[in-house]
Amino acid sequence: MSQEHFPNIGKIAFEGPKSKNALAFRHYNADEKVGKKSMKEHLRFAVAYWHAMKNTLADPFGAGTAIRPWDDGSRSVENAKRVADACFEFMGKLGVEFYCFHDRDVAPEMPTLAESNAALDAVADHLAKLQKQTGIKLLWGTACLFAHPRYCQGAATSPNADVFAYAAAQVKQAMDVTKRLGGTGYTFWGGREGYATLLNTDMKREVEHLATLLHMAVDYKKKIGFKGQFYIEPKPREPSTHQYDSDAAACLNFLREYDLLEHFQLNIETNHATLAGHTVQHELAVSAAANALGSIDANAGDELIGWDTDQFPVNIYMTTHIMVQVLKMGGFKTGGLNFDAKVRRESFEPEDLFHAHIGGMDAFARGLKIAHRLLETGAIEDFVKARYSSFDSGIGKKIDKRKTSFTELEAHVLGLKQQPMVASGRQEMIENILNDFIA
Ligand code: XUL
Ligand code: CO
């Protein structure tokens, strides 16, 4: 790391809630204990290489605005190494301990697979060096199977077998590199695994091909001895009209149907949940209930814009809801909070990358503390437990244990002296309790 890429910015320090310094943390205090673990152990923040380092901030209506002095835009290994230097300087100053990348973020796509592989290998050597120097680790790697025109009709679900093979080859290399860099996970986001119209699509065949690719990935994982966790990242649409991995429930069903469930967990992204018509806490709860909540792509959408705006998470209610789910499952094991978020097109200076991540980290630090207090007092949990207590004994317990029948239940009801009376759900009271903790 020869040249400094953020010369005007030093190490971001925790200065407490009263600080007026925009380049300081007010709530994220890495080593402060919340319960048994420190904040950094709970939150396991990661920088998303594609957004932080490679996003030009173009949108469908205009060119990129991002000023990124360390990136000359050339498809060279030399440029890729300089971008990596900038990324590690950025993460070091921010105090983020993990990063995530696609193969084509860290290294350029070349005219042939052999050349692309060589470029990626060369950059991976450099990344290994930077990881060693800084202690920063790879949360997960992935392959970009959606940007190149060859993938315009899908990768594993392309109607063309050579394209499928290309995707497999790319995943192979990306897995090799992820293993080499000690990645704790590997993510599959089905970038274009879906369809634009059913009129030209053999859906069953395409979904089977997707399962085939994932089975081969499982085999290859065993073959090379990669110990990281596989994740699937659900998203309902965009770029396709319909994506096969549309939400957590669809992913879990797909994984079960094709005997893949034991090999995969889910990487839940906030705004993908919203696009699927769910809250993020719903998607997290569905995943956790299946023991499959692995990692989180932390971002946010915009209530007024119906597409994947990938904004930084600043809503304390949302970070609280997320951290409640994370704490309830006993915390992350291999996963973490990956900021799959980009600064706005209007926020084009390098410094904006710091403001964005500081905001996201502070919002999650607050969410963590609030969620911890909430769960510790049991204020809401106790209410929920009591709400279902009729299943803890008597006929309820028999239902719970599947030890009864329609005949016995009919007799039970015939013996009741009055109509069943369900207690109030007290939604408003519970919402008020939550507000008290957020205050
Ligand atoms: C796209 C998205 C991806 C995945 C990784 O919406 O979220 O960046 O996280 O491929
Ligand atoms: Co994502």
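Because only heavy atoms are used, hydrogens play no part in the values below, and waters and symmetry mates are left out as well, while side chains stay in. We count ligands from 1, going down the list as the structure has it; atoms in each ligand are counted the same way.
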Can [X] and [Y] be counted as an ion pair, charged N to O under 4.0 angstrom?
X      : Y      : answer
Glu193 : Lys235 : no
Glu89  : Lys93  : yes
Lys40  : Asp31  : yes

Could Lys179 and Phe226 be counted as a cation-pi pair, given that NZ or CZ must be under 6.0 Å from the ring centre and within 45° of the axis? no
Distance under 6.0 Å and angle within 45° of ring axis: Arg150 vs Tyr166: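 Here Arg150 passes the 6.0 Å and 45° test against Tyr166.
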Centres of the Trp140 and Phe230 rings: under 6.0 Å? no
Output field: ring centroids His27/Phe364 closer than 6.0 Å: no
His272 touching ligand 1 at heavy-atom level, < 4.0 angstrom: yes
Would you please determine whether Thr187 falls within less than 4.0 Å of ligand 1 on a heavy-atom basis?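 Checking ligand 1 against Thr187, which is what was asked, there is no heavy-atom contact under 4.0 Å.
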Do any nitrogen or oxygen atoms of [X] lie less than 3.5 angstrom from nitrogen or oxygen atoms of ligand 1?
X      : value
Trp50  : yes
Asp297 : yes
Asp340 : yes

Cut-off under 2.8 Å, centre the Co ion (ligand 2), protein N/O/S atoms: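 For the Co ion (ligand 2), the protein N, O and S atoms that sit under 2.8 Å away are Glu233 OE2, Glu269 OE1, Asp297 OD2, Asp340 OD2.
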Per-atom contacts, ligand 1 versus Asp308 - under 4.0 Å to a heavy atom: 6 (O)
Which atoms of ligand 1 have any heavy atom of Glu269 under 4.0 Å away?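 Answer for ligand 1: 2 (C), 7 (O), 9 (O).
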Sub-4.5 Å side-chain heavy-atom contact between Glu15 and Phe25: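 The answer is no, as the side chains (C-beta and beyond) never meet within the 4.5 Å cut-off.
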Could you tell me how the ring of Tyr49 sits relative to the ring of Phe101: parallel (under 30°), tilted (30 to 60°) or perpendicular (over 60°)?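 The arrangement is perpendicular - the two ring planes meet at more than 60°.
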Rounding to 0.5 Å, atoms CZ (Arg344) and CG (Asp59) come to a distance of 9.5 Å
Note the single closest protein heavy atom to atom 5 (C) of ligand 1, along with its residue, its atom name and the distance in Å. His102 NE2, 3.3 Å
